[in-house]
Amino acid sequence: EAGVAQSPRYKIIEKRQSVAFWCNPISGHATLYWYQQILGQGPKLLIQFQNNGVVDDSQLPKDRFSAERLKGVDSTLKIQPAKLEDSAVYLCASSLKFGQVNTEAFFGQGTRLTVV
Amino acid sequence: KQEVTQIPAALSVPEGENLVLNCSFTDSAIYNLQWFRQDPGKGLTSLLLIQSSQREQTSGRLNASLDKSSGRSTLYIAASQPGDSATYLCAVRNNYGQNFVFGPGTRLSVLP
């Protein structure tokens, strides 16, 4: 079974530039998450989708971050403009729909963003 | 608001020892709890998932327990090996919220 795919693996940009990350979840997983992990900390949720609808984006800095999940499959996360404090690993995860028996979450390899 | 803590923050043990990692959460109304492993520069690998109705789950040398009433989970690793060196994260999913709240992790080093 294919896992969660993310690209790119690494990205270095200058502050005030824009960047986009892509995620392809496990086939059949209705729920998709984007997490931000700053070095030395646990992941923090940015946004959660159920199919193509947003369930929770309360911690997404909406003045600079945006995300979409067209057709309820792939998702993109964008940062514009980037700040130095956005340097982190961006993790995408997917799981079956909440309420189903096994809602184990599976994570991708992440995208390491460095803003200079 | 759910908060998750993990103790210790870091642990170094000689190869072959049995060890316990601790996870505590403030809101006992959880849907499930999941333990993950993270190697440096990598994503998260799922180790064990415990549903709220379960008391423990086992996979190979790993055993995870859950005590909802006290807001605690432990991950027991038997006969540790250098390959177990990684950061271990626990994540809690609430009944009312659907996302996972993570602890800060425990960084484990198993010395040969």
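To find a chain, count down the sequence lines: A is the first, B the second, and so on, and within it residues start at 1.
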Checklist entry - CD/Glu104(A) to CG/Leu48(B) distance, rounded to the nearest 0.5 angstrom? => result 8.5 Å
Item to check | Contact origin within Val55(A) toward chain B - heavy atom pairs under 4.5 Å | outcome: side chain
Item to check | Other residues, nucleotides, ligands: >12 heavy atoms within 6.0 Å of Ile12(A) CD1 | outcome: no
Item to check | Exercise: identify the closest heavy-atom pair between Ser95(A) and Arg93(B) | outcome: OG-NH2, 3.6 Å
Checklist entry - Quick check: are there more than 12 heavy atoms from other residues, nucleotides or ligands sitting under 6.0 Å from NZ of Lys62(A)? => result yes
Checklist outcome for this item: Taking every heavy atom of Ser46(B) against every heavy atom of Ala105(A), the minimum-distance pair comes out as CB-O, 4.1 Å
Checklist entry - Counting heavy-atom pairs under 4.5 Å to chain A, which of Val101(B), Val4(B), Thr45(B), Leu44(B) comes out on top? => result Leu44(B)
Checklist entry - Among residues 81-88 of chain A, which residues come closer than 4.5 Å to chain B, judged by heavy atom distances? => result none
Checklist outcome for this item: Looking only at Gln34(B), Arg107(B), Lys42(B), most heavy-atom pairs under 4.5 Å shared with chain A are made by Gln34(B)
Next on the checklist: Looking only at the aromatic ring of each residue, does the gap between the centers of Tyr35(A) and Phe100(B) stay below 6.0 angstrom?
Outcome noted: no
Checklist entry - Which atoms of Leu89(B) come close to chain A, meaning under 4.5 Å heavy atom to heavy atom: side chain ones, backbone ones, both, or neither? => result side chain
Item to check | Part of Gln6(B) lying under 4.5 Å from any heavy atom of chain A | outcome: neither
